[in-house]
Amino acid sequence: HTFLDLIPDIYHLTIDGEDDQTGDYTFRMFGESAAISLNVNEQTELKLNPSSQAALYKVQLSQGDRVYFESQTINATWSIFDPNAQLVINRLNSANGFEVTKTGTYWLSIEGNDSQNSIESQFVLNVSKPDVSGLILNERVDVVFTKPYESKQYTFNLTQDQWIGFDQLTKGLTDTEWEIKDSEGSSVFASKSTIVSDIATAPKYVKNGSYILILNSLNNVQGGISF
């Protein structure tokens with residue numbers, strides 16, 4: 001998948017058949033003006049006729065947004081590019097989601113193939129912002145994931161140096177992780193799967209200050225955890 005951010009100039013496109021083959025060949029080249037504005041978190045109808053053609057969409061995203069591509073077809077490939085035309089993620093990645101690191105216009109390219117006459121399907125580009133709330137130490141918290149690639153974040157302040165530890169009270173969920181960072185964004189407890197027993201993570205003695213506990217879904221996870 002190639003998406004080029006070109007400066008104004010004159011360009012030449014050359015098409016050369018392999019082994020000097022001859023015959024008819026049909027193509028189109030489209031740019032930003034061909035991109036369809038995409039409504040996030042809504043089902044979008046996809047129609048490719050012929051099935052070998054492509055579709056281009058654009059969407060405004062903000063730093064910190066969590067994005068997850070959900071498709072109903074296996075007969076098309078997809079790629080998402082950032083505002084600098086750099087590939088962020090595509091169908092070849094093990095996960096279908098990512099966190100936006102740069103605010104701007106993002107581009108979703110969907111490419112069909114010639115395995116059938118046409119493709120009619122649906123997809124959803126799920127976008128959510130981290131759900132941030134305050135945390136009271138030593139009290140039970142129930143976390144429920146209802147959206148793909150969701151992030152639940154809990155802020156807390158320590159008025160004095162003390163020991164802290166993450167105590168998971170229920171069974172973990174596949175494709176979820178937790179992490180604790182300090183006010184400068186440095187990891188205090190590195191990312192760990194909630195499937196891994198918290199017994200393997202020893203408490204730590206930390207300085208007074210502000211911290212954030214992050215619980216992330218890394219897929220289309222439905223379910224809850226308590227800690």
Side-chain angles (χ1 to χ4, degrees), residues 1 3 35-44 46 56-72 77-110 122-135 141-156 166 168 170 172-196 210-227:
H1 312 290
F3 189 64
I36 303 168
S37 294
L38 184 63
N39 294 324
V40 301
N41 302 319
E42 294 182 8
Q43 183 168 280
T44 299
L46 175 67
L56 183 65
Y57 301 86
K58 61 181 178 181
V59 61
Q60 291 292 320
L61 298 175
S62 300
Q63 182 177 353
D65 285 348
R66 293 179 64 81
V67 182
Y68 183 87
F69 182 79
E70 188 176 6
S71 175
Q72 303 298 320
T77 58
W78 57 271
S79 307
I80 297 178
F81 300 87
D82 71 10
N84 295 327
Q86 298 300 305
L87 177 66
V88 178
I89 193 172
N90 60 21
R91 185 176 173 177
L92 299 180
N93 292 82
S94 57
N96 287 358
F98 69 97
E99 181 176 331
V100 175
T101 59
K102 182 183 300 182
T103 298
T105 302
Y106 283 69
W107 310 89
L108 167 64
S109 174
I110 300 180
Q122 303 83 33
F123 69 88
V124 179
L125 189 68
N126 297 279
V127 179
S128 63
K129 296 185 181 298
D131 182 4
V132 184
S133 57
L135 175 68
V141 178
D142 298 315
V143 182
V144 180
F145 291 107
T146 60
K147 304 172 185 176
Y149 218 72
E150 197 171 7
S151 179
K152 303 285 189 177
Q153 303 183 6
Y154 301 88
T155 59
F156 61 97
F166 181 75
Q168 190 170 308
T170 57
L173 293 172
T174 301
D175 292 329
T176 59
E177 64 179 11
W178 67 272
E179 180 182 14
I180 296 178
K181 293 183 177 182
D182 62 20
S183 59
E184 296 181 352
S186 299
S187 182
V188 179
F189 288 86
S191 299
K192 288 182 171 58
S193 169
T194 64
I195 296 295
V196 178
S210 299
Y211 295 84
I212 185 167
L213 166 63
I214 303 169
L215 289 105
N216 288 332
S217 158
L218 304 177
N219 213 315
N220 190 359
V221 176
Q222 305 285 323
I225 333 172
S226 297
F227 67 90

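Since the model is a prediction, treat every value here as computed from it, not as a measurement. Throughout, numbering of the chain's residues begins at 1 and tracks the sequence. What's counted below: heavy atoms across the whole structure, side chains too, no hydrogens, waters or symmetry copies.
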Can you list the steps and then say if Leu125 with Thr44 is a side chain to side chain contact (heavy atoms under 4.5 Å, CB included)?
-> CA-CA 8 Å; Leu125 189 68; Thr44 299; over 6 Å; no

Set of side-chain hydrogen bond (donor to acceptor under 3.5 Å, both in side chains) partners for Thr194, sequence neighbours left out | Thr176

Could you tell me which residues satisfy side-chain hydrogen bond (donor to acceptor under 3.5 Å, both in side chains) with Asn41, sequence neighbours excluded, listed by chain and number?
-> none

Side chain proximity check, Phe145 to Ile225, heavy atoms < 4.5 angstrom | yes

Any side-chain heavy atom of Gln153 within less than 4.5 Å of one from Ser133?
-> no

Check: Ile180 and Ile212 side chains under 4.5 Å, non-hydrogen atoms | no

Check: Glu70/Asn126 side-chain N/O donor and acceptor closer than 3.5 Å = yes

Rounded to the nearest 0.5 Å, how far does CG of Asp175 lie from CG of Asn219?
-> 4.5 Å

Residues in ring-ring contact (aromatic ring centres under 6.0 Å, His included) contact with Phe166, at least two apart in sequence or another chain | Trp178, Phe227

Please assess Ile214 against Ser151 for the test side chain to side chain contact (heavy atoms under 4.5 Å, CB included), listing each intermediate value before the final yes or no.
-> CA-CA 7 Å; Ile214 303 169; Ser151 179; 3.9 Å; yes

Do the non-hydrogen side-chain atoms of Val127 and Leu61 ever get within less than 4.5 Å of each other?
-> yes

What residues form a ring-ring contact (aromatic ring centres under 6.0 Å, His included) with Phe69, not counting sequence neighbours?
-> Trp78, Phe123

Validation row: Phe81, Ser109 side chains within 4.5 angstrom (heavy atoms) | yes

Hey, are the side chains of Thr174 and Val221 touching, using non-hydrogen atoms and a 4.5 Å cut-off?
-> no

Go through the structure and list residues passing side-chain contact (heavy atoms from CB on, under 4.5 Å) with Ser191, not counting sequence neighbours.
-> Glu177, Glu179

Can you list the residues that meet the side-chain hydrogen bond (donor to acceptor under 3.5 Å, both in side chains) rule with Ser71, with sequence neighbours excluded?
-> none

Does Val88 have any side-chain contact (heavy atoms from CB on, under 4.5 Å) partners at least two apart in sequence or in another chain, and if so, which?
-> Asp82, Phe98, Tyr106

Would you please name every residue forming a side-chain contact (heavy atoms from CB on, under 4.5 Å) with Gln60, sequence neighbours left out?
-> Thr105

For Val124 and Gln43 the tightest heavy-atom approach is CG2-CA, 3.6 Å

Candidate pair Tyr149 and Asn216, rule side chain to side chain donor-acceptor pair (under 3.5 Å), full reasoning = CA-CA 7 Å; Tyr149 218 72; Asn216 288 332; over 6 Å; no

Applying side-chain hydrogen bond (donor to acceptor under 3.5 Å, both in side chains) to Gln122 and not counting sequence neighbours gives Glu45

How far apart are the closest heavy atoms of Gln222 and Thr146, and which atoms are they?
-> NE2-O, 3.2 Å

On a heavy-atom basis, the closest approach of Val144 and Lys152 is O-CE, 3.2 Å

Yes or no on side chain to side chain contact (heavy atoms under 4.5 Å, CB included) for Ile80 and Asn90, after CA distance, side-chain angles and deciding distance?
-> CA-CA 6 Å; Ile80 297 178; Asn90 60 21; over 6 Å; no

Look at the side chain of Glu150 and the backbone N and O of Lys147, then say whether any donor-acceptor pair between them is shorter than 3.5 Å.
-> yes

Taking all non-hydrogen atoms of both residues, which atom of Ser79 and which atom of Leu87 are closest, and how far apart?
-> CB-CD1, 3.8 Å

Shortest non-hydrogen contact from Pro148 toward Ser128 = O-OG, 4.4 Å

Would you name the heavy atoms of Pro130 and Gly64 that are closest together and state the gap between them?
-> CD-O, 3.4 Å

Would you list the pairs meeting salt bridge (charged side-chain N to carboxylate O under 4.0 Å, His left out) in which at least one residue belongs to residues 182-193, sequence neighbours left out?
-> none

Determine, step by step, whether Val132 and Thr155 satisfy the side chain to side chain contact (heavy atoms under 4.5 Å, CB included) criterion, reporting the C-alpha distance in whole Å, the side-chain angles of both residues, the deciding distance to 0.1 Å, and the verdict.
-> CA-CA 7 Å; Val132 184; Thr155 59; 4.0 Å; yes

Does any N or O in the side chain of Thr170 come within less than 3.5 Å of the main-chain N or O of Ser226, such that one atom is a donor and the other an acceptor?
-> yes

Not counting sequence neighbours, which residues clear side-chain contact (heavy atoms from CB on, under 4.5 Å) with Ile36? List them please.
-> Tyr57

Do Val59 and Leu108 have side chains that get closer than 4.5 Å, going by heavy atoms?
-> no

Pairwise salt bridge (charged side-chain N to carboxylate O under 4.0 Å, His left out) hits with a residue in residues 96-105, at least two apart | Arg66-Glu99

